[in-house]
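Following: one structure in structure tokens, then a few remarks.
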Amino acid sequence: MVIIASNFKTNHTRASTKEFISFVNEYLNNEKDVEVMVFPTATSLDNYKINSNLTIGAQNAYCVNSGSFTGEIGTQQLDEFGIKTILIGHSERRHILGESQEEIAKKYAFYKELGYKIVYCIGEPLEVKEQGLEATLEYIYEQFVGIDTTYADLVLAYEPVWAIGTGVTATNEDIKSVHSAIKSKINKPLLYGGSVKVDNVAQICSLDGVDGALIGTASWVKEDFVQILKNIKGL
Ligand code: 13P
């Protein structure tokens with residue numbers, strides 16, 4: 001089954017998130033062939049009424065139940081809304097918020113232990129891509145250090161940093177070569193992310209080794225997101 005995930009990043013209010021979720025939930029009422037995840041901001045997590053293949057996840061949380069970690073949320077806050085899905089290792093957290101591989105691995109182990117579904121992101125920056133496929137794969141494999149890739153509830157997302165939010169989607173060849181290399185080592189669903197759009201989502205999701213997409217910008221307008229879901233119908 002194709003997996004389509006929307007990462008809101010730092011977008012949407014509580015009100016617009018609620019509208020988005022109920023709009024998507026309604027569309028999915030009659031669509032059972034796609035698994036959909038939405039990652040709103042932490043402030044917009046709530047007890048949404050969902051009766052479809054839609055799951056709400058957290059973009060981030062600290063590896064703790066509760067405590068003194070100013071600015072962070074833990075499982076006490078996630079439990080309030082029944083959140084059991086989390087995004088870990090996103091490049092914006094690695095590069096902008098400075099999360100190290102060690103911290104990411106610790107977070108991964110914590111949420112794995114609690115049985116969360118983990119969407120684990122990997123991907124190389126432009127200067128690594130420019131060095132070729134071998135360097136790219138070497139960089140990506142470093143992002144698996146400390147990560148139990150045999151974990152049952154793991155979904156991977158390959159998101160080349162240079163393709164995120166730039167409008168420059170990776171080419172089919174780029175996607176296929178990285179995905180097949182990762183897939184040969186790790187047998188888990190593997191999403192592609194990085195400038196996926198309404199018009200290219202179907203073509204990307206039908207490539208060999210691509211099990212779905214993790215989408216930022218193009219997913220934030222609810223009508224566009226539903227159009228994305230319509231476009232991948234039947235794959
Ligand atoms: P864009 O779709 O905006 O390129 O973002 C991709 C992404 O980072 C999803 O997590």
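Just so you know, residue 1 is the first one in the sequence shown, and it goes up from there. Counting starts at 1 for both ligands and their atoms, in listed order.
- The stretch residues 41-65 participates, sequence neighbours left out, in these ring-ring contact (aromatic ring centres under 6.0 Å, His included) pairs: Tyr62-Phe69.
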What donor-acceptor contacts under 3.5 angstrom involve side-chain atoms of residues 117-129, with partners at least two apart or in another chain?
residue, atom, partner, partner atom, Å
Lys117, NZ, Glu35, OE2, 2.8
Tyr120, OH, Arg94, NH2, 3.0
Tyr120, OH, Gln101, NE2, 3.2
Tyr120, OH, Gln143, O, 2.4
Glu124, OE1, Tyr158, OH, 2.9
Glu124, OE2, Tyr158, OH, 3.1
Glu124, OE2, Trp162, NE1, 2.8
Lys129, NZ, Asp174, OD1, 3.2
Lys129, NZ, Asp174, OD2, 3.3

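- The two atoms that bring Ile86 and Asn60 nearest to each other are CD1-C, 4.1 Å, heavy atoms only.
- Among residues two or more places apart in sequence or in another chain, the side-chain hydrogen bond (donor to acceptor under 3.5 Å, both in side chains) test is passed with Glu92 by Lys9.
- The minimum heavy-atom distance linking Asp211 with Lys188 is given by the pair OD2-O, 4.0 Å.
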Could you tell me, for ligand 1, which of its N or O atoms are under 3.5 Å from any protein N or O, listing the pairs and their distances rounded to 0.1 Å?
residue, atom, partner, partner atom, Å
ligand 1, 2 (O), Gly216, N, 2.9
ligand 1, 3 (O), Thr217, N, 2.9
ligand 1, 3 (O), Thr217, OG1, 2.4
ligand 1, 4 (O), Gly165, N, 2.7
ligand 1, 4 (O), Ser195, N, 2.8
ligand 1, 5 (O), Lys9, NZ, 3.1
ligand 1, 8 (O), Lys9, NZ, 2.8
ligand 1, 8 (O), His90, NE2, 2.8
ligand 1, 8 (O), Glu159, OE1, 3.4
ligand 1, 10 (O), Asn7, ND2, 3.0
ligand 1, 10 (O), His90, NE2, 2.9
ligand 1, 10 (O), Glu159, OE1, 3.1
ligand 1, 10 (O), Glu159, OE2, 3.0

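- Taking CG from Leu154 and CD1 from Ile186, the interatomic distance works out to 7.5 Å, rounded to the nearest 0.5 Å.
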